[in-house]
Amino acid sequence: MAVDAPRPGVDYPRSFHELTAWFGDDEACLRYLERVRWGDGFVCRFCGVVGGDWWAVRRGMRRCAACRRESSVAAGTIFHGSRLPLSSWFAAIWYVVNQKQGVSALGLQRVLGFGSYQTAWAWLHKLRRAMVLPGRELLAGTVEIDESYVGGARPGKRGRGAQGKAIVAIAV
C-alpha cells in the first residue's frame, strides 16, 4: 500500500525504507506535523481561536489573524527548540518504538550517527517522557509481570543476588 501523505493515527511506516520515503526531509515532516496539530483547523495557542484565519509566516509557523501572534507547529512538543532536523527526530522515534528489546542511548547514538552521547541520551529521555500517558489508570484485569537485571557481565554470582546489578520490574 503506497501512501503519498500518511494519515496520522492510521498509517505507520512498516520499514525504514518506507519511513524515509514518507519523511525523507524536513518539509515532509512539517507537513505531517501540521496535519496532526492543525488537521481540523488552525488553533491559536495564545488566544484560543479555533479554526480562525491565519497566514503562513515561514516553514511551520502561522500567524493568527485574531491576535496577530505567531504559533509554531513544534511549540510545546519534544521537537521545540531542537536544532537538528525533524527527519532525524522521526527516525529516532521510529527506531525507539520498533525495538523489541528497548533502546540504549549508545545504540541510538550509533544508529543516528550523533557525535555526542549526551544528545542521544537527552533525545531518548524526551521520547520516553512523551510516551507516558499522564493521568493513566491503574492496571486492571490480567496483569503480566516480569523482571530483569541491568548491568554488565561481571565475575561472581549470576542472576538473582548478583553484585552491581539493578533490578527492573515491568507490569503490563
Side-chain angles (χ1 to χ4, degrees), residues 1-39 45 58-62 71-136 139 143-156 158-160 162-172:
M1 169 180 87
V3 178
D4 293 327
R7 296 162 296 174
V10 177
D11 298 316
Y12 182 78
R14 294 178 303 252
S15 66
F16 189 75
H17 176 73
E18 201 167 57
L19 173 81
T20 56
W22 291 356
F23 306 113
D25 59 17
D26 278 6
E27 288 299 322
C29 296
L30 278 171
R31 285 192 305 270
Y32 181 79
L33 287 177
E34 286 177 347
R35 283 195 307 277
V36 170
R37 188 157 202 180
W38 299 319
R45 66 187 187 102
R58 60 185 171 274
R59 292 179 359 168
M61 292 285 275
R62 293 184 179 177
S71 293
S72 166
V73 72
T77 70
I78 60 174
F79 313 116
H80 182 76
S82 176
R83 286 175 270 152
L84 293 171
L86 281 174
S87 54
S88 294
W89 274 102
F90 279 46
I93 293 167
W94 186 86
Y95 179 70
V96 167
V97 300
N98 276 289
Q99 298 305 304
K100 188 175 183 181
Q101 301 297 325
V103 173
S104 68
L106 186 59
L108 188 63
Q109 177 190 9
R110 287 180 182 154
V111 167
L112 294 180
F114 289 151
S116 162
Y117 173 83
Q118 287 77 12
T119 301
W121 186 91
W123 276 34
L124 191 54
H125 280 272
K126 276 187 172 188
L127 292 173
R128 287 177 177 159
R129 263 195 318 273
M131 290 190 290
V132 173
L133 182 63
R136 60 193 179 272
L139 296 176
V143 177
E144 185 177 330
I145 300 174
D146 198 0
E147 86 280 340
S148 183
Y149 291 88
V150 178
R154 296 194 172 137
R158 298 175 56 172
R160 293 180 188 264
Q163 295 296 316
K165 305 271 184 168
I167 188 167
V168 177
I170 302 162
V172 179

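- Distance alone, capped at 3.5 Å, is enough to place a donor-acceptor pair between the E18 side chain and the R14 backbone.
- In plain terms, the two heavy atoms of A171 and V143 that are nearest each other are CB-CG1, 4.1 Å.
- Within a 6.0 Å sphere centred on CH2 of W121, heavy atoms belonging to other residues, nucleotides or ligands number 12 at most.
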Going by atom type alone, with no hydrogens or angles, which donor-acceptor pairs under 3.5 Å involve a side-chain atom of residues 83-96 and a protein atom two or more places apart or on another chain?
{"from": "W89", "atom 1": "NE1", "to": "S82", "atom 2": "OG", "distance (Å)": "2.8"}
{"from": "W94", "atom 1": "NE1", "to": "P13", "atom 2": "O", "distance (Å)": "3.0"}

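- With 3.5 Å as the limit, one finds a donor-acceptor pair spanning the side chains of Y12 and N98.
- The nearest pair of heavy atoms linking A75 to R37 is O-NH1, 2.6 Å.
- Shown here is H125, whose NE2 atom has more than 12 heavy atoms of other residues, nucleotides or ligands within 6.0 Å.
- Heavy-atom minimum distance, S71 versus R45: OG-CG, 3.6 Å.
- Shortest non-hydrogen contact noted between H80 and G76 is CB-N, 4.1 Å.
- For the residue pair M61 and S72, the shortest heavy atom distance occurs at SD-CB, 3.3 Å.
- Taking OG1 from T119 and CG from L108, the interatomic distance works out to 10.0 Å, rounded to the nearest 0.5 Å.
- Rounding to the nearest 0.5 Å gives a distance of 11.0 Å between OG1 of T20 and CG of D25.
- When all heavy atoms are compared, the tightest approach of P6 to F23 is CG-CZ, 3.7 Å.
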Carefully, step by step, assess I170 and E144 under the rule side chain to side chain contact (heavy atoms under 4.5 Å, CB included). CA-CA 8 Å; I170 302 162; E144 185 177 330; over 6 Å; no
Evaluate ring pair (Phe, Tyr, Trp, His ring centres under 6.0 Å) for W22 paired with Y32, printing each intermediate quantity in order. CA-CA 9 Å; W22 291 356; Y32 181 79; 8.4 Å; no
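- Rounding to the nearest 0.5 Å gives a distance of 15.0 Å between CZ of R128 and CH2 of W123.
- A 4.5 Å side-chain heavy-atom check between R62 and V73 finds every atom pair outside the cut-off.
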Take R129 and I78 through the side chain to side chain contact (heavy atoms under 4.5 Å, CB included) test and state the conclusion after the steps. CA-CA 9 Å; R129 263 195 318 273; I78 60 174; over 6 Å; no
